[in-house]
2 protein chains.
Amino acid sequence: MIKRKAVKKSLECKVRITAITDTMQVLSGKWKIHILGTLLQGGRMRFMDLLREIDGIAAKMLSKELQDLEMNQLITRTVVDTKPITVEYEVTEYGKTMEPIIDEIANWGVFYRNRLHGKAE
Amino acid sequence: MIKRKAVKKSLECKVRITAITDTMQVLSGKWKIHILGTLLQGGRMRFMDLLREIDGIAAKMLSKELQDLEMNQLITRTVVDTKPITVEYEVTEYGKTMEPIIDEIANWGVFYRNRLHGKAE
DNA sequence: GAAACTAGTTTCCAATTGGTAACTAATGCA
DNA sequence: TGCATTAGTTACCAATTGGAAACTAGTTTC
């Protein structure tokens, strides 16, 4: 018996921990999942649409989080030459690979609420 | 056309936002997902095992996060009357419903790493 | 009796996060 | 001319988060 646990840790666990850390870093902060979720439902949306749709977010936060998401290539930013200039945001194909995560998180949240009330009913 | 968008928001979006907020609150902080992930892999584990297994966590953080997870009934805490007293932590059946989320997050992290290197290869 | 191991707790500090409110700059409308 | 709308930015501030290190306290081993 010569430290089998340490081997087990190095191989399986570390890769997993790195993977989880990466994902959570990309989704860090209070708003990114909500922005992605809203854009996944709404398709192409403008800044002001998002500001109105996502309850409680401030312009500063929305702006910063959109920049982060764009840097990670999860969304695209397109300036449209309308009367007052508008900017459209859209989830990329790559960004759409986040959908299973967001769905699982949303599902669990519903499950959680149901459990808090009557599970016997 | 009398504000159809607002209706759409109230019905679909708000429930989803609440659900996501709930889940993320239960998983809040830097360590909860790692602790759950480690316990899901390792089964019944002691405090010191977790401290050694989860790279970088401090005793204070581990202690606090374990308390949070126990309060939310995702794990159980059992004091064992060994020579120096030990405490065992284990994921509950309810806690195991988090597994799909953690798996999706870990999967995406692996996908993310692969994409950063060679996707053409 | 000293050192080590168990499972934490306490204190103190630094960095990050996120919120409010005011401001910019370009354009259109009355 | 003055107000509204677009998409932000800036400055300031408060709360939360998390990390290091030292400490507690009981038991066992050398």
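Order of the sequence lines sets the chain letters (A, B, ...), proteins ahead of strands, with each chain counted from 1. Fair warning: this is a prediction, and the values are worked out from it, not measured in the lab.
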- Return no unless some side-chain N or O of A:Gln25 is found under 4.0 Å from OP1 or OP2 of C:dT16. no
- Step by step, would you call B:Leu69 with B:Lys32 a side chain to side chain contact (heavy atoms under 4.5 Å, CB included)? CA-CA 7 Å; B:Leu69 291 170; B:Lys32 291 203 190 70; 3.8 Å; yes
- Message: By the 4.0 Å heavy-atom rule, please label B:Gln67 as base, sugar-phosphate, or nothing.
- Response: sugar-phosphate
- Would you kindly check whether a donor in the side chain of B:Lys60 faces an acceptor in the base of D:dG19, or vice versa, at under 3.5 angstrom? yes
- Charged N-O contact under 4.0 Å between B:Glu70 and B:Arg77: no
- Query: Can you check whether A:Thr86 has a side-chain N or O nearer than 4.0 Å to OP1 or OP2 of D:dT6?
  - Reply: no
- Ion pair present between A:Lys96 and A:Glu99, side-chain N to carboxylate O less than 4.0 angstrom? no
- Message: Between P on D:dA11 and NZ on A:Lys64, what's the gap in Å once rounded to a whole number?
- Response: 17 Å
- D:dG8 phosphate, OP1 or OP2: any side-chain N/O from A:Arg46 under 4.0 angstrom? no
- Which of C:dT6, D:dA7, D:dG19 is nearest the side chain of A:Val87? It is D:dA7
- Task: In plain terms, say whether B:Arg44 and B:Asp49 are close enough for a salt bridge, that is, a side-chain N and a carboxylate O under 4.0 Å apart.
- Result: no
- Message: Both A:Glu65 and A:Ile85 contact DNA chain C. Which one's nearest nucleotide lies toward the 5' end?
- Response: A:Glu65
- Item | C:dG19 OP1/OP2 closer than 4.0 Å to side-chain N/O of A:Lys30 | yes
- Query: Would you say C:dG8 has OP1 or OP2 under 4.0 Å from some side-chain N or O of B:Arg77?
  - Reply: yes
